[in-house]
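The block underneath contains the structure these notes are about, expressed in structure tokens.
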Amino acid sequence: QLQVVESGGGLVQPGGSLRLSCAASGFSLSSYVIGWFRQAPGKERAGIACISAKNNSTVYANSAKGRFTISRDNAKDTVHLQMNSLPPEDRAIYYCAARIRVCTTADAYGFWGQGIQVTGPS
């Protein structure tokens, strides 16, 4: 069964950092474009960052530029999303997704993880 799995979510303090990871089962991430998305309560799913398969070029949403870094660890066949300076509005369910070819919108991704929660103090 082909699937992707997110890990690394949890509680983060305002201004804190968190690293999310995306791993695959049944296939290798190294051949796929990997995108990170998030969905906050009451909002649509939005793209955060994407990394290509061919040359590891990256694309970031404006909200992520300068704060988030997407990267591959080919030795572990994992893609990470390092998130720094997290304000409360970054609380959401974060998803990784895989597809071939190029970074694009969410509806073009074929493999999705179940999502992982990033929360903050109430």
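One is the number of the first residue; the rest follow in order along the sequence.
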Exercise. Would a hydrophobic clustering, with Ile, Leu, Val, Met, Phe, Trp and Tyr connected at side-chain separations under 4.5 Å, put Ile116 with Val12?
Worked result: yes
Problem set entry | Ile34 with Leu81, same ILVMFWY side-chain cluster at under 4.5 Å | yes
Exercise. Is any side-chain heavy atom of Thr58 less than 4.5 Å from a side-chain heavy atom of Phe68?
Worked result: no
For this session: Ignoring hydrogens and angles, state whether a donor on the side chain of Thr78 or Asp73 is under 3.5 Å from an acceptor on the partner side chain.
Result: no
Exercise. So which heavy atom on Val102 is nearest to which on Arg99, and how close?
Worked result: O-NH1, 2.6 Å
Exercise. With the 4.5 Å side-chain cut-off for hydrophobic clustering, are Ile100 and Leu2 part of the same group?
Worked result: yes
Exercise. Does one side chain, of Ser30 or Asn74, offer a donor that lies under 3.5 Å from an acceptor on the other?
Worked result: no
Exercise. To the nearest 0.5 Å, what is the distance between CD (Gln82) and OG (Ser17)?
Worked result: 5.5 Å
Problem set entry | Residue pair Phe37, Trp112: steps toward the ring pair (Phe, Tyr, Trp, His ring centres under 6.0 Å) verdict | CA-CA 10 Å; Phe37 300 83; Trp112 286 86; 4.9 Å; yes
Exercise. Are Trp36 and Ile51 side-chain neighbours, meaning at least one heavy-atom pair lies under 4.5 Å?
Worked result: no
Exercise. Less than 4.0 Å between a side-chain N and a carboxylate O, is that true for Asp90 and Arg67?
Worked result: yes
Exercise. Which value, rounded to the nearest 0.5 Å, describes the distance between Cys96 atom SG and Tyr32 atom OH?
Worked result: 13.5 Å
Exercise. Between the side chains of Ser21 and His80, does any donor sit under 3.5 Å from an acceptor?
Worked result: yes
Exercise. Do Asp77 side-chain atoms and Leu29 backbone N/O form a donor-acceptor pair below 3.5 Å?
Worked result: yes
Exercise. Looking only at atom types and distance, does a side-chain atom of Ser57 sit under 3.5 Å from a main-chain N or O of Ser52, one as donor and one as acceptor?
Worked result: no
Seminar exercise, completed: In terms of heavy-atom contacts, Ala61 and Gly47 come closest through CB-O, 3.3 Å
Exercise. So do the side chains of Ile93 and Arg38 get within less than 4.5 Å of each other, counting heavy atoms only?
Worked result: no
Exercise. At their closest point, which heavy atom of Cys50 faces which heavy atom of Val33, and how far apart are they?
Worked result: SG-CG1, 3.3 Å
Exercise. So do the side chains of Thr104 and Tyr109 get within less than 4.5 Å of each other, counting heavy atoms only?
Worked result: yes
For this session: Taking all non-hydrogen atoms of both residues into account, name the closest pair between Leu11 and Gly120 and its distance.
Result: CD1-C, 3.2 Å
Exercise. Does Glu6 reach the main-chain N or O of Gly115 with its side chain, forming a donor-acceptor pair under 3.5 Å?
Worked result: yes
Exercise. Are Tyr94 and Phe111 grouped together when hydrophobic residues (ILVMFWY) are joined by side-chain heavy atoms under 4.5 angstrom apart?
Worked result: yes
Problem set entry | Residue of the set Val79, Val118, Ile70, Ile48 for which side chain to side chain contact (heavy atoms under 4.5 Å, CB included) holds with Leu20 | Val118
For this session: Verify the cluster assignment for Tyr60 and Leu18: are they in a single hydrophobic cluster under the rule of side-chain heavy atoms below 4.5 Å apart?
Result: yes
